[in-house]
Each structure stands twice: as C-alpha cells, then as structure tokens.
Amino acid sequence: DEVELPSGWSLDWGGQFENLQSASRRLALLVPLSLLLIFLLLYTTFSSARLAVLIFLNVPLAISGGIAALALRGYPFSISAGVGFIALFGIAVLNGVVLVSYIVERRERGLGADEAAREGALVRLRPVLMTALVASFGFVPMALATSAGAEVQRPLATVVIGGLVTSTLLTLLVLPTVYSWFTARRTEVEI
C-alpha cells in the first residue's frame, strides 16, 4: 500500500541502503574497467588478440565457479562478492598466462600445437595448482569466519575459492585444448 506524506515532508533513503547504492554504482563501473584493463595487459604482453582472448576465457570459467559457490552456501550477490570476483579474475588470468606463455615458448622452439599444449599442461601443472591452492587456502579463514565483520568476508572468500576450483581445473583441461583448436583454425584460414 502506498502512503501519502504530509505536505512539506519528504522521504530519502540513507545509511546502509544509501551506501549500498553508491557502492553498487562504483562496482558497476569498476568490474568492466578491470576486465578491460586485464584484456589490454594480456594483449600487450602477448602482442596477439587471439592469445589474449584465449587466456581471457579463464574469466567466465572462474565466474561460473564463484556463482556456484555462492549458491551452494546460500549467499546472495553482494558488494563484497563483487570485490571477490575482481580478485578472482586476476588469479584466474595469472594461471592462464603461466600456461599459455609456456606453450608459446615451446611452439617457438619448434613443437607442434598439440604437443606444445599437452607438454604445457603437464609441465605447468604444479605452478598452476600451487598458485590456486595458496590463494584458496589463504581465503579459508575468511570463508569460515564467524566474528564481527564475517558477513562481509565470507561472500568474498567463497567467490574466490569456488572460482579458483573451476578455473584451475578448466585452465589445465580446456585451455590447452582450445589453444590447439585456435592454432588449427588459424592454419586453416592461412591456407
């Protein structure tokens, strides 16, 4: 039901609700900006839009794990979860850079695309797993926190841990396969 206010009165939302709206607007600007900056850094690092897109595939893979983890724990999307996604993007992209840079190095030494991708996945298994495990274990205390402020920490940590699980597995399985496919497609186009 709608209530009319007396003449001369007004109603404004303030306090936590006002802070939430302000933070939501900033996050709506910062997330796309951070994704754009990540892509530009990848492009300048590899001088290839194709490889930048390939590594950037880790971002949706990480997002799916972060969303699934939030759903499993029953947390809604919040500002702290959004900040967790930004942190997750960086870690997921780092894992992709570690793998793809090794594959590119092996290709420059004369290996075929499939062989370089397979060797890259095997040789870079430990560094990729260590990066993800260290970050995940570092967020476990936040994910299990019950003290004051834990309601802010738990969604952030949940997003990072859940996203790292999926992005790490898919980095080691999907990225080498997609690299081979990207390379095969480029060869077909050039022929």
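When a residue number appears, it is its place in the shown sequence, counting from 1.
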Shared ILVMFWY cluster between [X] and [Y], side chains joined below 4.5 angstrom?
X	Y	value
L35	L156	yes
V93	I161	yes
Y102	V128	no
V31	V152	no
V97	L170	yes

For [X] against [Y], the heavy-atom pair lying closest together:
X	Y	answer
L70	P155	CD2-O, 4.1 Å
A157	M142	CB-CB, 3.6 Å
S180	A113	OG-O, 3.8 Å
I103	A116	CG1-O, 3.7 Å
G163	T166	O-OG1, 3.1 Å
A145	Q153	CB-OE1, 3.5 Å

Give, for atom [atom1] of [X] and atom [atom2] of [Y], the distance between the pair rounded to the nearest 0.5 Å.
X	Y	atom1	atom2	value
R106	S101	CZ	OG	12.0 Å
I63	F89	CD1	CZ	4.0 Å
E105	E119	CD	CD	9.5 Å
L122	L172	CG	CG	9.5 Å
T44	L42	OG1	CG	8.0 Å
F56	Y43	CZ	OH	15.5 Å

Restricting to side chain to side chain donor-acceptor pair (under 3.5 Å), what partner residues turn up for [X], sequence neighbours left out?
X	answer
R124	none
R73	Y75, T158
S167	none

Check: T168 side chain, L129 main-chain N or O, donor-acceptor pair, under 3.5 Å = no
Side chain N58, main chain A92, donor-acceptor under 3.5 Å | yes
Min side-chain heavy-atom separation V100-L54 under 4.5 Å = yes
Sub-4.5 Å side-chain heavy-atom contact between I55 and F46 | yes
Quick one: do V53 and F39 satisfy side chain to side chain contact (heavy atoms under 4.5 Å, CB included)? Show the steps, please.
-> CA-CA 8 Å; V53 168; F39 185 80; 3.8 Å; yes
Test N95 against T171 for side-chain hydrogen bond (donor to acceptor under 3.5 Å, both in side chains), laying out the working first.
-> CA-CA 7 Å; N95 282 341; T171 294; 5.2 Å; no
Show the numbers, then the answer: is there a side chain to side chain contact (heavy atoms under 4.5 Å, CB included) between Y179 and L99?
-> CA-CA 10 Å; Y179 178 86; L99 180 61; over 6 Å; no
Check the pair S24 / I79 against side chain to side chain contact (heavy atoms under 4.5 Å, CB included), numbers first and verdict last.
-> CA-CA 7 Å; S24 296; I79 300 302; 3.6 Å; yes
CA sep, side-chain torsions, deciding dist, call: L164, L88, side chain to side chain contact (heavy atoms under 4.5 Å, CB included) | CA-CA 7 Å; L164 283 177; L88 175 62; 3.9 Å; yes
